[in-house]
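Chain letters run A, B, ... following the sequence lines, proteins first and then strands; every chain starts at 1.
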Amino acid sequence: MDLLSDLTPSQREAVTHINGPILVLAGAGSGKTRVITRRVAHLLEAGIPAGSILAVTFTNKAAGEMRERIEALVPDSKVWVGTFHGICARLLRKYAKLVGLDPAFSIYDQNDRRRAVKDLMDIVGWDVPGWTPERIESLISRAKNDLVRPEAWRNRATDHKDALLARIYEAYEERLQAASAVDFDDLLVHMVAILKNHKDVRADLDRRFRYILVDEYQDTNLAQYAIVRALSVDHANLCVTGDPDQSIYGWRGADLANILEFERDYPGSRVVTLQENYRSTKNILAVADHLIQHNLHRKPKSLLTDNPRGAPVELTIYPRETDEAEGVAGRIAGLVRNGEFGYSDIAVFCRMTALTRAFEQAFRVARIPYQIIGGVAFYERQEVKDVLGYLNLIVNPRDDLAFLRAVNVPPRGLGKASVDALTNEARAQGVPLLTLARKAWTVSGLKEKAARAFDDFARLIDDLAALRDHSAEEVIVQMVARTGYRKHLAEDLKAGEDRQANLDELVAAAREFDQVHAGSSIQDFLAEITLASPIDRWEQDTGAVTLMTLHAAKGLEFPAVFIVALEDNILPHSRGNENLKELEEERRLLFVGITRARRELYLSRCCLRSFRGQQQATLASRFLSELPGEIMEVRDLSEMGQEYGRPRPAWFGRSNPPRRPEPRPSAPPTFRLTTAAALGTPASGAPAAGPVDLDSLRPGVSVVHPEYGLGKIVAVDGAGPNRKGRVSFVVGPERTFVLAKSPLRAVGRGGKTP
DNA sequence: TTGAGCTCACTTTTT
DNA sequence: GTGAGCTCAA
């Protein structure tokens, strides 16, 4: 295939440039991905061996897509494509010893890190109020990405708080090292250390990866920059692509200077600018352009397109968040009904995952299929983490966190007291928990029963560890068989079936991994899934509307896009309101969202939003006033509150409504559930019509749930206030409820109708 | 030691 | 309003 014929002169220039550094400044929708893949293909065609090409992307999904596209152009090429983290993980397996790690090191995810930080806060006696583990965790993460070591914190600490912080950071690092574990950031940090301290390795890798491509270069942080820099000393055939206007990861340490100063870093570099947009209509681009012009710290550039003008961008102002959700749902239903778009052509973007709830509900009611990106990732589910705990411990016996996760799952009578006794002794001796568990009877203060249980557990792990070189699937199946884990899951009446399904899915994922990566190890499987993100599992063509955050939307495009909740303190986020730098990043975030849209763009906000369960008046996002209102279609429905039901205060929808009075104190919880009438109170909070007879909720009875709609009880279990019922809904999966606490009401025979 | 209630924090954004 | 994690009772 001709790689160049359908490219513009600038694109062609970027594709055909082979030796020496090149910066491709690619505006949104300017065909950047196409340029990168073609460039790789062109390099291969020019006779560059695939093994000397390294392509770095930001997400696994982007990596997968690029691999696919390269594959389509040049089948069977062995180009290295991956994320910074993934690539570093692979390299680190090889060079682990250089940084004092076992090659079988574990990768700790955010959860693991949080547990460790929390634990260390207790150990150092954290006493500064107002600090959550998350906050400390993100400081540590930020330090690592900025290549700041614990010693620097210690030396700089001037007050009590900073000294404690330094101790936590230091102890955290020690703990990771002792467990031969790394967190996400360490993958980069260790790599940087290796490249810096081992000249031979650096030179080898520089030579090996003669041609490097880095996508989304505007989002690289110092650690990533250092890695790229170290690999481009002797062979600076470095091609970076990016768009400063799409830098949205400053909070994670991304430094715009990396891209802005590329030419200074790499003298003699070529710069190619891709300006023309092939994605969006003129109207959409005009809105994006107006907005981004408000960023002061920016190289001026404009977005051009030959695409048609298209429909005007619509801004709708709704009274309440439920109205917004319903309005968007209605609009989507209309677009699909007209045959204009399919569900998978449509995406809804919001600033925070927490905002998706109202939309989920509205979509469910409107029978609109949807998928959410984000939220609890599959691999963070409890049952999945349980199994992964076992796998991690098998692979890396020093992984204490994995030990703690696995040791009492399923419950084998090892509670806090026993585990604490073991942990304390292990700390004192400086040995891994699993090692000590093998001779648990030597631990003082441990009951014989507990010692036996530890011993059994250690044997179990040893037995499973014998399978270390088998496939991940095999080990999981064995683990489940030997521990009765499935039975344990089944005991959870409420979510047991979902959990078993998740377990099956994990097994399937392991099987698939074994098939795709023949000859790979359990470690590889663990690394892959630990580094996986929700967006990686997303597929565009599932016939469902996609609901995701603006951050997740980067790099994607949709024919129709809705951006919701354009309100101050949401977008821009409250923390982004404080300084100009963060405000500009928030603006770029909205810019990224707008430029995802191909044909139609719908913006919306509402005037009253419930926050933490409380209704609060909102302010319009300041960004709305930065858009070209004259070419947009603005629909203000905020004055139409009457149509949405309840009458509302006169100030409704005005800019600065008075605060609502404090809500009346709710009845004490003990009182709340003592009467049958209270149990049956509908969600609206209106007084119950009368006592609800729990006995009317029995198998076969039709019920209605305010959220999930109509269903039928298929099973009940237990008695009294804990009686649980399983309901099969007309739409959606079966769900289980504690009947006395659920808002379920029987309909038809035997039930009370409102 | 375990389970069930209760409290409380959640609201950035992700590898 | 809600889920996760924690404390307290059995």
note: A/E216, atom CD; B/dT14, atom P; distance rounded to Å ~ 14 Å
From CZ of A/R452 across to P of B/dT1 the rounded distance in Å is 17 Å
Any A/T353 side-chain nitrogen or oxygen under 4.0 Å from OP1 or OP2 of B/dT13
yes
Sequence neighbours excluded, the answer for ring-ring contact (aromatic ring centres under 6.0 Å, His included) partners of A/F363 is A/Y370
Donor-acceptor pair present, A/R351 side chain and B/dT13 base, under 3.5 Å | yes
- Face-to-face stacking of A/H573 with B/dT12, centres under 5.5 angstrom, angle under 30°: yes
Rounded to whole Å, CG of A/L590 lies from C1' of B/dT13 at a distance of 14 Å
Worksheet entry | Donor-acceptor under 3.5 Å (A/T595 side chain, A/F591 main chain) | yes
Paired with A/D185, the side chain to side chain donor-acceptor pair (under 3.5 Å) test is passed by just one of A/R142, A/R113, A/K144, namely A/R113
Establish, for the pair A/R93 and A/F105, whether the NZ or CZ atom is under 6.0 angstrom from the six-membered ring centre and no further than 45 degrees off its axis.
yes
- A/D386-A/Y485 side chain donor-acceptor pair, cut-off 3.5 Å: yes
Separation of B/dT14 atom C1' from A/Y249 atom OH, nearest Å, is 5 Å
Query raised in the report: Rounding to the closest angstrom, what is the interatomic distance between B/dT12 and C/dG1 at atom P?
Result: 22 Å
Does the pair A/L556 and A/T546 meet the rule for a side-chain contact (heavy atoms from CB on, under 4.5 Å), with working shown? CA-CA 11 Å; A/L556 306 176; A/T546 302; over 6 Å; no
To the nearest angstrom, the NZ-C1' distance between A/K554 and B/dT14 comes to 10 Å
Any A/N408 side-chain N or O less than 4.0 Å from OP1/OP2 of B/dT2: yes
Separation of C/dC6 atom P from A/R114 atom CZ, nearest Å, is 12 Å
The residue, A/A450 or A/L531, whose nearest nucleotide of DNA chain B is more 5′ is A/A450
Rounded to whole Å, CD1 of A/I570 lies from P of B/dT11 at a distance of 13 Å
(message) Tell me whether the ring of A/W251 lies stacked over the B/dT12 base, given a 5.5 Å limit on centroids and a 30° limit on the plane angle.
(response) no
- Can you find a side chain N or O atom of A/T549 that sits less than 4.0 Å from OP1 or OP2 on B/dT14? yes
Open item on the list: Below the 4.0 Å mark, does B/dT15 have OP1 or OP2 next to a side-chain nitrogen or oxygen of A/K144?
Closed with: no
Taking B/dT13, B/dT15, C/dG5 as options, the one with an atom nearest any side-chain atom of A/Q110 is B/dT15
Atom CD of A/E567 and atom P of B/dT11 are separated, to the nearest Å, by 18 Å
Checking B/dT15, B/dT1, B/dT14 against the side chain of A/A552 (C-beta onward), the nearest is B/dT14
> Contact class for A/T530 vs. all strands (heavy atom < 4.0 Å): base, sugar-phosphate, or nothing?
Replying inline: nothing
Quick note, A/E586 side chain, CB onward, closest among B/dC10, B/dT12, B/dT14 is B/dT12
Note: for A/V419 and A/L589 on DNA chain B, the residue whose nearest nucleotide lies more 5' is A/V419
Next on the checklist: Base, sugar-phosphate or nothing for A/K447? Non-hydrogen atoms, less than 4.0 Å.
Outcome noted: nothing
Testing B/dC10, C/dG5, C/dT2 for proximity to the side chain of A/T132, the answer is B/dC10
